[in-house]
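Hydrogens, waters and symmetry mates play no part in the numbers below; they use all other heavy atoms, side chains included.
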Amino acid sequence: MLVTLAVLSTGCGGAGSDTATPKPASGNSAGTGSGSAGSAVGKADFDTVFKTEEKFKQALPDPASMAGWRPQNASANIEEAPGAGESCGADADWYCARIARGEANFEAVGEEAHFDMTAFADKKAAQEACRKEANWSAKYTKAQVPPVPGTESHAYYRNVGGLDGLFLIVCLGTVVAEVTLEGEGSSLDPATAHSLAQVFVPRIQRAAAAS
């Protein structure tokens with residue numbers, strides 16, 4: 001059972017001042033996979049456990065970091081009774097052992113951007129969840145989103161409820177982060193997803209490093 005802590009503030013700068021543009025220029029990039037470049041804003045391989053509203057407020061993008069996008073809603077939820085890893089079965093239930101989840105949602109003309117962060121009790125549980133999610137989503141068409149530096153990442157296209165979506169999954173430390181674009185298929189630009197991930201990931205890293 002999930003307990004909603006609060007709707008996150010959408011008026012503050014949060015943990016970072018990175019900004020995203022709605023349609024970044026497409027680069028000459030190919031493929032998905034694990035990034036290798038380091039980050040100057042925090043460690044990708046952190047042990048910090050995200051289990052408070054404040055941590056999610058720091059990590060999730062806010063309006064100040066999302067220039068050109070209109071904020072919709074944001075929230076954080078804590079599991080009252082997290083599932084035990086050993087009792088989690090199918091790959092489709094990769095999030096079974098989560099201890100918390102947060103989301104922030106934005107929209108632009110003809111497109112929506114969703115940021116989700118699923119937190120686990122430790123890196124081992126997060127890595128297992130990431131592996132299961134990758135196995136489960138392998139049936140979908142891959143999206144050619146560049147690797148997100150310092151993380152494990154993969155991307156794919158999926159239709160949910162009649163809406164086309166581009167899903168970028170980023171695994172780092174104790175969390176699995178998701179950037180989802182929804183809209184018309186032709187508007188789902190891999191460069192946009194990559195740009196948004198480059199806003200999201202540094203915020204997560206800074207939140208993990210904060211006391």
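Distance check: E133 CD to W94 CH2 gives 6.0 Å after rounding to the nearest 0.5 Å. The structure places CG of L196 at 9.0 Å from CG of L168, a figure rounded to the nearest 0.5 Å. How far NZ of K123 is from CG of D45: 3.5 Å, rounded to the nearest 0.5 Å. In this structure, CD on E178 lies 9.0 Å from SG on C171, to the nearest 0.5 angstrom. Between E79 atom CD and N77 atom CG the span is 8.5 Å, to the nearest 0.5 Å. Annotation: the span from D47 atom CG to T174 atom OG1 amounts to 8.0 Å, rounded to 0.5 Å.
Listed here is the closest heavy atom pair of T151 and V170: OG1-CG1, 3.4 Å. For L166 against A193, the heavy-atom pair with the smallest separation is CD2-CB, 3.9 Å. The heavy-atom pair separating C88 from A97 by the smallest distance is SG-N, 3.6 Å. Smallest separation of non-hydrogen atoms from A197 and P202: O-CD, 4.0 Å. Residues C130 and E152 come closest through the heavy atom pair SG-OE1, 4.3 Å. Here the closest non-hydrogen pair linking V49 and A121 is CG2-O, 3.4 Å.
The same ILVMFWY cluster, assembled from side-chain heavy atoms under 4.5 Å apart, contains both V176 and Y140. Hydrophobic clustering of Ile, Leu, Val, Met, Phe, Trp and Tyr side chains at less than 4.5 Å, counting indirect connections, unites F115 with V145. Linking Ile, Leu, Val, Met, Phe, Trp and Tyr residues whenever their side-chain heavy atoms come within less than 4.5 Å leaves F167 and F106 in two separate clusters. The hydrophobic clustering, which links ILVMFWY residues whose side-chain heavy atoms are closer than 4.5 Å, places W69 and V201 together. By the rule that hydrophobic residues join a cluster once side-chain heavy atoms approach within less than 4.5 Å of another member, M66 and L188 end up as members of one cluster.
In this structure, the side chains of D164 and Y157 stay at 4.5 Å or more apart for every pair of heavy atoms. K139 is not listed as a side-chain neighbour of Y156, based on a closest heavy-atom distance of 4.5 Å or more. For the pair S75/N73, no side-chain contact is recorded, criterion being any heavy-atom separation below 4.5 Å from C-beta on. Between L181 and E111 the shortest side-chain heavy-atom distance falls below 4.5 Å. Proximity of F200 to V148: side-chain heavy atoms (C-beta onward) are nowhere separated by under 4.5 Å.
Remark: the backbone N or O of L60 is paired with a side-chain donor or acceptor of R203 at under 3.5 angstrom. Of the possible polar contacts, none joining the K55 side chain to the T48 backbone as a donor-acceptor pair under 3.5 Å is found. Under a 3.5 Å cut-off, the side chain of D62 and the backbone N or O of S65 do form a donor-acceptor pair.
Checking R98, E128, Q127 one by one against F120, the side-chain contact (heavy atoms from CB on, under 4.5 Å) holds for a single residue, R98.
Remark: the Q72 side chain and the H114 side chain contain no N/O donor-acceptor pair separated by less than 3.5 Å.
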